[in-house]
Structures are given as C-alpha cells and as structure tokens.
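Before any comments, here is the structure.
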Protein chains: 2
Amino acid sequence: MHATQDETEPPSAPSAALRPGLRERKKQRTRDALIRSALELFAERGYEGTTVDEIACAADVSQRTFFRYFAGKEDVALAVQQMVETHFFEAVCERPAAESPLTALRTAVMSSWDTIEEAIASVVPLELHLRTYQMIQTTPQLIAAHLRRTAELEDRLTEVIARREGLPPEDPRPRILVAAFSGVMRETGKRWGLLMEQDMEEFRRQTAAYLDQIGPALAENWRS
Amino acid sequence: MHATQDETEPPSAPSAALRPGLRERKKQRTRDALIRSALELFAERGYEGTTVDEIACAADVSQRTFFRYFAGKEDVALAVQQMVETHFFEAVCERPAAESPLTALRTAVMSSWDTIEEAIASVVPLELHLRTYQMIQTTPQLIAAHLRRTAELEDRLTEVIARREGLPPEDPRPRILVAAFSGVMRETGKRWGLLMEQDMEEFRRQTAAYLDQIGPALAENWRS
DNA sequence: GAGCGTAGTGTCAGTCGCTGACAAGTGACC
DNA sequence: GGTCACTTGTCAGCGACTGACACTACGCTC
C-alpha cells in the first residue's frame, strides 16, 4: 500500500519532483519523517522509553496517523532492517542458476552489501541505522519481532532454492541449508552490531570465514 | 521464584502431600489453574479473542495476581512448550561425551519424547496441548515470542556442544550444527502441529528421516 | 478555474495489556 | 497465640492500539 513507486514514467521529467504526484510525495515524506524521528528518539531514550505519541509529535503528525503508516511501534523500528533484507532477497533471486545454492547465498550477501548503503542513507544516516541495529539485538520485544520476520525470509529463501534446484517442496535439504546459512548470518550480525565494527572489510572477511565452515560443521569428528 | 521444589526432604512423608508446605502447594495449584484456564479459553475463542481478565476470572483470581505468576499473556500460552524444551535441553546435557554432536541431539529428542507426555498431562490434557501448539504456530505474536525462546535455547545448546567437544567459543561449527538441527525441528514441528498427526510413531520416523538429510544438505551438487 | 469525489488526517472515546502502591488476609515459625 | 513475611485484591494510571466521524486537500473533470 505504501511506497509503491512503479508508475508510467513520463520520459525525462524536467523537474525530478513531478514523477509520483504531489500526494504520493507527501506520503513518502511523512513516512520517512516518522522513521527518522522514531530512530532518533530510540537512540536517545531507548525503545521502551519512547512513546508513539512522542514519535508522532516529533514528526508533526497525530498518533492516529502514525498507526496508519505502521502497524505498530515495532514496525517502525524494523523498517530499515526490512529494506536490507528485501534487498538481499532480491539479490538471491538474481543469482544465475549455475551457482550452487550455498554459493548463490554467499554471493548475494556480499553483493547486496555493496549497494545497500546508499539506499539506507536516503532515509536515515548510516550511523543511526547502526545504532538501531544494536538496539534491535538488545531489546527483547524487537529480537522477537525480528526473528519472526527472519523466519519468513527463510521460508521464502527455502522456496526459491528448492525451485532453483528443481526439488519438490518436501525435500528438507534447502531448508537445512538456509537454516545453517541463517545461523551464520545471525551470529556474525550479532558480533557486528555489538562490537560496533565500522570496518566493513574486516566484517566481510569474518562472514566469509564463517560461511566456509558450513561444510565442515556437518562432517563428524571435529576434534582435529 | 515460582515452582522451586528443592527443599530439605523429610524422610518418607506418610501423606505425599506434605512435602512442599501448604503455601507452596497452593501457589502451584493457582499456577496450574491459570495455565489450564488460559489454554481452554484460547482453544475456545482464540488467543487474541481472550483477555487476561477472562483468564484470571476463570481461575478465580484477580488480574493482578495473573501478572504475578506470568510476565505476560504470551508467557502462559508458552508455559507448557517451555516445559518440553527444558526437558529436551536436559536430555542433551545427559548424553555421553562419546556420541558425536549430531547423534547426541538426535538421541536426546527421541528420548525426551519418550518421557515428556506424562509431565504435560499432569498440567493439561494432551489434546489441549496439541491445540495450543497449533495456535502458537498460527498466531503472529506467539510465533515471535516462541522464536525468541527457541533462539535462547539454541544459544545454550551451542554452548553445551562447544564444551562437549572442547572447542573455543569462537568456533562457528557448533552454532551451525545447532541451527541446521533447529531448522529441521521447526519444520517437522510445523507439519506435526498443522496436520494434527496423532500417530507419534510416524512422526518420529519422519523426523529421523529429516535429520538424516543434514549431512547431505551441505554436500554440493544435490541434483541426483 | 469551479466543483466534485476520494484519499489522508485529526479528534475523540474506548479497549486491553501491564505496573506501582497500598491495604487486607493467610500460612509459617517461635 | 502472636508475630512476621508472603500473597492477594483493589485502585489508579500509563501506553499501545482501534473504530467512528468530521474535516481538509489533492486530483480529476467539465
């Protein structure tokens, strides 16, 4: 309902602001304002220490309007994270069928990281998103909500991979692979958020190293 | 705070009801009554269609007392499931160190299933628990809460396995294995709950078959 | 450019989950 | 039997969320 930006495109509009219609632009600005206000307040006073009233007030709308844009307080906290995950999912869908499933997943993460930052920055400053990410991993209610969304993403990934490989839906292997992959991503994400590592290169290396362990993890006899 | 049943034991009490003291028994009965009332109401009107007031009223206590026993409405819905998972975790801890990690997990599930039913039945009828399990998997709020608890269980399992194998906490392999295992359990659990399979034997076979796929899932080249 | 329909917004009132504070009842222990 | 600590109920209140209704303003047509 919100944020649908696919319309008939007038060829090369002179003023770049005329594309989506005045009303649509206003809605988009309201939505962005709500996200920005929310994340700033969360960073300042914490998630539970911030009321929806305060968020709405900071974005100059009524509380009622807030709930027309977001289904709940959780929603706005996870809005940017949602963007990131959608972006990753699309990257997976675009991987060539020749790649093995694990390679496809791995390459998709890496390539989605190359391009996601500007998309984030168009809504909120990157540093604010990093603080939000930490908050998500330390606030019980947000951990739960985020895990639920992640589980849904896993379902979709499982389906995509099963289709790629031409497997019937009952085959458990795609699900297992996705679960293992997801476990790695959760773990590395935890480290990234908590250690506040700004060094993206180092983080990529670590993630890659972890992903390399997926194969060996299932070989019995770990004791070297 | 609640349900601590470790106290100095008077040697062989004549009436088996005298062990934990009158007050403790009363608390336990209140707690069980709350769980039973809650699950019955949930089964009847759904989770969101039931208010805490109604649960408290059905158990003949005040709403305030309900919240002294359970941190929230979610808590009472997941109370029995919590028992099951604790039981499983303890079973894992007791597996001999000679078993490979995956074997230990697999054997622990199977053996915990052998003994959990009576523990459940002492609180609520088994059939009611099954309906609750279905409800958990279809109610967004409960899915989220349950996933959070499961994630905590995964953390503890990861730690136990790392210790068993004498691995340092940074080694990602225990986490990956647990994630894959957990993915299988979530999937089979989903089928069990939704298909309402009463046939426990069939369900065990299916779970075992899924677990057998964990190894192959990580071997590349699935296409037979 | 006036007018109309509709989409977006604010206000209001209400429900429900949840909590702190205080007062009253009740098992436990000497 | 009396004191003490633990449980409980009542009350008052906050915050998340929702339905209903009236109002404003965009967008489209004539």
Side-chain angles (χ1 to χ4, degrees), chain A residues 1-4 7-8 10 17-34 37-38 41-42 45-78 139-142 144-145, chain B residues 1-4 7-8 10 13 17-34 37-38 41-42 45-79 139-142 144-145:
Chain A
M1 199 164 286
H2 334 104
T4 55
E7 304 208 344
T8 52
L18 286 184
R19 204 78 48 77
L22 203 157
R23 209 174 227 165
E24 282 307 314
R25 272 181 295 146
K26 216 171 176 181
K27 273 201 330 189
Q28 192 59 46
R29 262 190 292 126
T30 304
R31 191 181 146 87
D32 288 354
L34 280 169
S37 305
L41 285 169
F42 290 158
R45 315 180 193 178
Y47 178 74
E48 279 142 353
T50 306
T51 70
V52 172
D53 272 309
E54 291 167 339
I55 298 169
C57 181
D60 264 312
V61 293
S62 73
Q63 193 216 43
R64 194 65 185 83
T65 293
F66 173 92
F67 284 110
R68 286 197 250 261
Y69 280 88
F70 300 97
K73 210 170 94 170
E74 295 169 359
D75 250 49
V76 69
L78 297 173
T139 308
Q141 196 183 145
L142 293 180
Chain B
M1 200 163 286
H2 334 106
T4 54
E7 303 208 344
T8 53
L18 287 184
R19 203 78 47 79
L22 203 158
R23 207 175 230 164
E24 283 307 314
R25 271 181 295 146
K26 216 170 176 181
K27 274 202 329 192
Q28 193 59 46
R29 262 190 292 126
T30 304
R31 191 182 147 85
D32 288 354
L34 280 170
S37 305
L41 285 168
F42 289 158
R45 315 180 192 178
Y47 178 74
E48 280 142 354
T50 307
T51 70
V52 173
D53 271 309
E54 291 167 339
I55 298 169
C57 182
D60 265 311
V61 294
S62 71
Q63 191 216 43
R64 194 65 184 83
T65 293
F66 173 92
F67 285 110
R68 290 195 176 98
Y69 281 87
F70 299 97
K73 208 171 97 171
E74 295 170 358
D75 251 49
V76 69
L78 297 173
T139 309
Q141 196 184 145
L142 293 179

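None of the values given here were measured: they were computed from a predicted structure. Quick note on labels: first sequence line is chain A, next is B, and so on, each numbered from 1.
- Checking C:dT19, C:dG8, C:dT11 against every side-chain atom of A:S62, the shortest atom distance belongs to C:dT11.
- The nearest pair of heavy atoms linking A:G72 to A:F67 is CA-CE2, 4.1 Å.
- Put simply, CZ on B:R31 is 13 Å from P on D:dT8, counting in whole angstrom units.
- The closest donor-acceptor contact from the side chain of A:Y69 to the backbone of A:D32 lies at 3.5 Å or more, if one exists at all.
- Mapping A:T30 and B:V52 onto DNA chain C by nearest heavy atom places A:T30 at the nucleotide closer to the 5' end.
- The CG atom of B:D53 sits 13 Å away from the C1' atom of D:dG9 (whole-angstrom rounding).
- Each of A:T65 and A:R23 was matched to the nucleotide of DNA chain C holding its nearest heavy atom; the match closer to the 5' end belongs to A:R23.
- Atom CD of B:Q141 sits about 8.5 Å away from atom CD of A:Q141, to the nearest 0.5 Å.
- The residue A:T51 sits close only to the backbone: its heavy atoms come under 4.0 Å of sugar-phosphate atoms, none of a base.
- Side-chain atoms of B:R25 and base atoms of C:dG27 include no donor and acceptor less than 3.5 Å apart.
- If you measure from atom CZ of A:F67 to atom P of D:dA16, you get 7 Å, rounded to the nearest angstrom.
- Nearest heavy-atom pair across B:K73 and B:E48 is NZ-CA, 4.1 Å.
- Under 4.0 angstrom from either OP1 or OP2 of D:dT7 there lies no side-chain N or O belonging to B:K26.
- Nucleotide D:dA16 holds its C1' atom 10 Å from the CZ atom of A:F66, rounded to whole Å.
- Going from atom CZ of A:R29 over to atom P of D:dC26 covers 11 Å, rounded to whole Å.
- Here D:dT8 presents its P atom at 12 Å from CZ of B:F70, a figure rounded to the nearest Å.
- Atom CG in B:L34 sits about 15 Å away from atom P in D:dT7, given to the nearest Å.
- For D:dT8, one of the phosphate oxygens OP1 or OP2 lies less than 4.0 angstrom from a side-chain nitrogen or oxygen of B:Y69.
- B:K27 contributes atom NZ, which lies 4.5 Å from atom CD of B:E24 (distance to the nearest 0.5 angstrom).
- As a whole-Å value, the separation of A:Q141 CD from D:dG15 C1' is 11 Å.
- In this model, a side-chain donor or acceptor of A:R68 finds a partner on the base of C:dG10 within 3.5 Å.
- The phosphate of C:dC16 (OP1 or OP2) has no side-chain N or O of B:K73 nearer than 4.0 angstrom.
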